[in-house]
Every structure is written in C-alpha cells, then in structure tokens.
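Because only heavy atoms are used, hydrogens play no part in the values below, and waters and symmetry mates are left out as well, while side chains stay in. Computed from a prediction, not measured in an experiment: that's the story for all the values here.
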Amino acid sequence: MSRAPNHEFQEWWNKQRERNHDLFSYSSDDDPSTSGNASGSGSFGNGVGGGGYGYHAVEIRGHSSDPTVEKSRARSARQIRFFCFLKLQQIASSFASLAGASVSVLRTANRRIVASPADSSSSRLYRIIRFFLILVIVLLGFELLAYYKGWHFRPPRPPHVGSKELLDWLGLVYAWWLDIRAKYLAPPLQSLANICIILFLIQSVDRLVLVLGCFWIKFRGIKPVANVEYGKEGLENGNAEEYPMVMVQIPMCNEKEVYQQSIAAVCILDWPREKMLVQILDDSDDLEVQQLIKAEVQKWQQRGVRIVYRHRLIRTGYKAGNLKSAMGCDYVKDYEFVAIFDADFQPAPDFLKKTIPYFKGNDDLALVQTRWAFVNKDENLLTRLQNINLSFHFEVEQQVNGVFINFFGFNGTAGVWRIKALEDCGGWLERTTVEDMDIAVRAHLCGWKFIYLNDVKCLCELPESYEAYKKQQHRWHSGPMQLFRLCFFDVIKSKVSVAKKANLIFLFFLLRKLILPFYSFTLFCIILPLTMFLPEAQLPAWVVCYVPGIMSILNILPAPRSFPFIVPYLLFENTMSVTKFNAMISGLFKFGSSYEWIVTKKLGRSSEADLVSYAEKETDPMLQSGNLQRSSSEPGIAELTKPVPNKTGKSRRNRLYRKELALAFILLTAAVRSLLSAQGIHFYFLLFQGVSFLVVGLDLIGEQVS
C-alpha cells in the first residue's frame, strides 16, 4: 500500500529551490537532463556519449556585487543597531523604575517603622535581635563557603605541633571555628535548650491536666447552683423588695464608636428601676466625645432610668483610678453589689437575674464572673485566632479553677462583685495596669471565693487590627509581672493554706504568666535557629513538631469550628511570643513601657440587632412576661435596633514591625542553613515560622487599611 504524497513537504521544497535559484544556476540553456558534453568556464565533465549518462554542468557564483543587495544589507545592520538601542533603553528604564519603586517602598517602610509607638519602648530587645540577625547572616555566608569548598564532607582540622599539613587562612579559621563551637558554644546552648524543654513539658502537663479537668466537669455535669431564682416562686407578683440594690458601672475613655450600644444595653437590664443605678464613668479627654456621652445619658434619664454621668478632670490611675473615684461616692453605701462592664460589652437583659442569685446564701462569695461572647470572631484571621485563645481561657482555665479551687483572675468586665468584699481587700489600687487581677488576688488572700458561669455570656468585640491586639497583649503580660513583684511577700505572709500559696506563686504567676512566654520565645525563636549553626546542640523533632501539635489540638478543642486554623494558630502563638516576652521582661524589671495604658481600639462591630436577638434567645420566656417594672421600657429596645450612624475618626494605617521582620529573616536564614544539614522537620518549621513572622511584621494578618 503506497504512502500518500506529502504535499506540504513538496511545497516547502519548491520554495527552497526558488530561494536558492540565484546561488546555483546551470551553465547553459539546455535541458539539464540532456546527455552530452559540456564545456565552459567552471564546468566539469568529460562527457560520456554512448552510455546514456551525463553530468550536470553547474556554475557556482561568488558574492553578488548587486548594489540593491548591498543596500539591503546596510539597512538590515542599521535596523539591528536601532533594535539593540531600544532594548537597552527599555532595560535602563526598567532599572530606573525599579530603583524609584524601591526608594519609595523604603521611605514608606521608614515612616511606618518610625510611627510605631510600640517599637520605641522595646528598642533594647530590637537591638539584641538585630545583632542576632547580623550574626546568623555572617554564619550562613561562612557555612555556604565551607559547603562550596567541600568541608562538609571532610572538615579541616587545626594543625597540631609536628604536623606537616598546611592550610590556607580560610581553612584555618574554619577549623578553629569548628573547634570553638564544639567545645565552648554548643554545651551551654544545649544546657539552655534542655532547661527550656523541661519547662515546656511542665507547661504541657499543666495544660493537659486543665483539659482533663474540663472533661470531668462536662462528664459529671458540674455547675454552680443558685439558692434563689428571681422572677419565680412569689417574686412574680411584683415584690421588688426581694431584689438587692445593684450598681452598674461602665468605665470608658474616648469610646466614641461603642458608647451608645453599651449604655443602651445596660439601661434595659431586667431589674426593678428603683433597685438599680447606672454609673457612666467617662475619662474621655475629647470634648466632642464628652458631649455625646452626656447627651446619651440625659436621653435615658428622661425615660426614667436612674443613670448618672461622672467625668474626672485628672485621669490618674487609668481604669483603676476611675473605678476608685466612683466607689468613693456617698450613695455607694446603699448598694450591695456592683456589676462592671467595659464600653464594648453588651449584657443580655436578664444578666443580673442570672448572676445575683448566686450571692444569696453564700456570704463568702465575692465575685461572679461570666463568659465573653464575640460578635466579630469571624471578621478576619486575627479575630479567629483570638477566639481560639479566649475560648480555651474561659471554657477550660476559668471553669476548672472556679470549680475546683474557687479562684481565678477577674477578667475586668462582665462580672458582679460584692461591694463588701471590695472594701475588705482594700478596694481598687492604681499600682499596676491589671487592676482586675490585683483585686482578685487580694480578695483571694482575704478568704473570699469566686464563681464562674460558663453558660452566661456577654457580647463584646475583639480587636481587629494587629496594632490594637499587640498593645492589648503587652498590657496583659506586663501587668501580671508588676503584680507578682508587688504582692509576692503578701502571698508569703498571708493566712491562706500552703496549697493556695503554692497555686498562686507557681501556677498562677510563674508557670502561666512568666515561664510560658519565656520558653516560647527562647526555645523556638532563639535556640532553634542557633542549633542550625551549632549542630553539636540539637533539638529533638518531638520538641519542634509533635508536642506543639498536640498542645495546639488541646487548645482548639473548646472551639471545634476553628480546626482548619490549627496550623496558623500554632505559628501565630510562636509569633506573639516576642511581644509577650518583651512585656514580661518590662513588667518584671520595671521598664517604662510596663506602666503604659493604651485603650484597646474598638470599631463598633457589635450589631444592635444581633444583641436583641441574642437577648430574646437567652432570656427566660417567663421573665419576659413578668409583672416587675424594668429599668426601661420597649422604646429602649427600639433604641437598640436603630442603625448606628457612620462615625469618622482619626485615619488609620497599617504599620511595619521591626522586631517581627528581623526575626522573620533570622528564621528564614536558619531554614536555608538547615538545608545544608538535610534536617527536614526543622527546615519546614523554620520556613513556615519565618513566613508567619514576615506576614505579621508586614501587618497583613488583621484589618487592612487603605
């Protein structure tokens, strides 16, 4: 079977013949297939007549001297030169644009870095981290050079006496470096690593015990039981005399975004009007905000709510000073309990009816603390990670400590205090920035007990920007160290049992407030990168990967919907260790930044419609139909459903954070070094942790401001 003719090849062959026609031509006009002799200049032959064979006489021409061809060639050369010139111009323009963009980025970065107030107070730590960064970059260059020379297979040794081996100066330096790091640097680093590993394991055991205690509470159904229930068994007939006198305090400072909804939520609490007084404790220094809050208070006064406005001219002691000033009023002696809410908290209408009953019959009960519920937990990645942390704190830590030892740290809001207990332990003090923890510790040392209600929730808002979250965490971790320094001897001298003293000192302060940020930063941000350059000191894979993974799973159990974020959570917790470590050192050694109080920025995300639906869902239907007169009427609920107007404030912008960026480059440099040692788990951990630091340092994790 014959193959079909290839027409495409035939067309290509004909074109090639036409193109080369002027290079190869026949010497005569005769047909090339004709047999015979051929003669002429440049011919070859000696034709053979009788055999029917003949040679084609072909003339091979030299270079053409046609002026048209020469002109075409000259034009082609000029076109090539012009084309190259254009390319060079484009390359130069690209380099100029790149240089301009780089300068612009550097200027913007410099403005962001200088504008960050947190960096000025932590310059000491930043200088140490910067020196560490320069050191690891130099070591990486040295190791790459050694790898290029093949010293990783056969490392050079320093010459000894009588040795005939000669090394160049670079090999001699590298040999001395190997000897120094093996004898003098690796042993202390390994000892420090072992200490941090032990602390890590102790803290992990503590967390495991807390989780097991939480499982036991769930399994046994252990809950605090109230001796009385308001609104039932005789009180539904309107006997307001059975209700105790309650004072509600809302301390605030320049809370323009949230003051309306918090005041409205408190004013519609389901409690007899004559038995409740609302104090708005305004420390605002903005005159416009002061006028707005005053107008809001007057509006609720006209509706019959017993609400007062207090403003301090001198803002001393921050929140503690504000609360202390309010408790000094003469009418406070007429009240038995005080409920405290921060400006972004909105309690449900039945909040007091669910908390006050636990005080009846428990004369040694000082505090009833409720759980926080977050209205913006799904706003961005930062709020999701915060929700994991705080869910574990309330579901596990607070609940277990409340059930088994009747003591935990007061969260500063969404709680009800017995006023007698506040007075018994000395009242609010201005000596630290964690006045809530301070008064809780002093009340515990005086023998008072606490109750935590996990099923009573109070709506609030999480900080959505990394800047606000970082300032909040700095205050939350520097304050406990201030308090530990101030009350250590008070704990030793107190009359409580030895077990309670040990719990306060070793668990409450040292393990959970000091050791946790210390080993997190030291082990994963300092020791681990150094072990890449000092391979004689090692961290086992279970320390780097397996145990942290198990602890992350335990932390995320109270928020099961957050399981997809378990890896970002683990990396982000290590990233936040630099802020917590810096805060812990500042509070322990009385650095100036430990006494800074910066109000956490709120954006007013709390939806009033969500608040009303939450209240309707959580409130007992029998209480909704009760005959007791509430502190506000239905227009109060209507006030909550009104849309909140857009409020303009100071312009915000994202920042760059120097410490986080420097640590990102340190970890990424160590990841490159780990490739030379083929350490798989360590490489991936360093790589992802370095990227996590980079994302946080560029302020890409929270709210993005254009």
Side-chain angles (χ1 to χ4, degrees), residues 115-118 120-121 248-267 278-300 307-326 340-346 372 375-376 379 411-414 428 430 432-436 458-476 479 593 595-606 608 644-655 702-703 705:
S116 179
S120 60
S121 64
V248 181
Q249 295 177 334
I250 306 180
M252 58 178 61
C253 179
N254 298 322
E255 312 278 358
K256 184 178 181 180
E257 292 78 11
V258 294
Y259 75 94
Q260 279 185 316
Q261 57 202 41
S262 60
I263 294 177
V266 168
C267 288
V278 179
Q279 282 185 323
I280 305 301
L281 312 178
D282 183 22
D283 263 1
S284 303
D285 54 7
D286 189 331
L287 293 178
E288 179 187 0
V289 177
Q290 294 178 23
Q291 295 299 325
L292 291 173
I293 297 176
K294 284 182 181 179
E296 187 71 14
V297 171
Q298 292 174 359
K299 180 178 66 177
W300 287 100
I307 180 172
V308 295
Y309 173 85
R310 286 180 53 85
H311 176 71
R312 295 192 305 161
L313 296 178
I314 302 176
R315 186 191 169 198
T316 58
Y318 303 112
K319 182 180 177 181
N322 199 359
L323 294 172
K324 181 180 180 180
S325 175
I340 303 174
F341 301 99
D342 282 348
D344 60 317
F345 279 70
Q346 301 93 40
W372 298 359
V375 297
N376 61 337
E379 188 67 28
N411 295 115
T413 178
W428 300 101
E430 306 169 5
T432 70
T433 57
V434 284
E435 74 293 328
D436 46 6
C458 188
L459 293 175
C460 64
E461 179 181 337
L462 291 167
E464 296 182 13
S465 68
Y466 179 69
E467 179 186 8
Y469 179 65
K470 183 176 181 179
K471 292 175 181 177
Q472 182 194 69
Q473 292 300 306
H474 187 276
R475 177 166 56 87
W476 285 4
S593 61
Y595 292 94
E596 292 178 355
W597 179 291
I598 301 176
V599 178
T600 304
K601 184 67 178 177
K602 287 93 175 179
L603 301 179
R605 297 287 189 186
S606 302
E608 289 77 6
V644 178
N646 292 331
K647 305 174 180 65
T648 58
K650 296 181 180 179
S651 61
R652 304 186 308 275
R653 60 179 177 179
N654 295 104
R655 304 181 186 275
E703 179 195 23
V705 182

Look up atom [atom1] in [X] and atom [atom2] in [Y], then write down how far apart they are to the nearest 0.5 Å.
X	Y	atom1	atom2	result
D282	I250	CG	CD1	11.0 Å
Q346	C458	CD	SG	7.0 Å
D344	Y259	CG	OH	15.5 Å

Next on the checklist: So that I can tick it off, tell me whether K319 and D342 are bridged by a salt bridge, with the cut-off set at under 4.0 angstrom between side-chain N and carboxylate O.
Outcome noted: yes

Checklist entry - Under 4.0 Å between a Lys/Arg side-chain N and an Asp/Glu carboxylate O for E467 and K470? => result no

Checklist entry - Does any donor atom in the side chain of S284 or D286 lie under 3.5 Å from an acceptor atom in the other side chain? => result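 There is no such pair between these side chains.
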
Checklist entry - Do D285 and N254 meet the criterion of a side-chain donor-acceptor pair at a distance under 3.5 Å? => result yes

Item to check | side chain to side chain contact (heavy atoms under 4.5 Å, CB included) evaluation trace for E296 with K299 | outcome: CA-CA 5 Å; E296 187 71 14; K299 180 178 66 177; 3.1 Å; yes

Checklist entry - With a 4.5 Å limit on heavy-atom distance, are the side chains of L313 and H311 in contact? => result yes

Next on the checklist: If you define the side chain from C-beta out and look only at heavy atoms, does anything of S262 sit under 4.5 Å from M252?
Outcome noted: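 Yes - at least one pair of side-chain heavy atoms lies under 4.5 Å apart.
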
Checklist entry - Aromatic rings Y466 and Y469: how do their planes relate, parallel, tilted or perpendicular, breaks at 30° and 60°? => result tilted

Checklist outcome for this item: Taking every heavy atom of D283 against every heavy atom of Y318, the minimum-distance pair comes out as OD2-O, 3.8 Å

Next on the checklist: To check you understand the geometry: which heavy-atom pair defines the closest contact between E430 and G321, and what is its length?
Outcome noted: OE2-CA, 3.6 Å

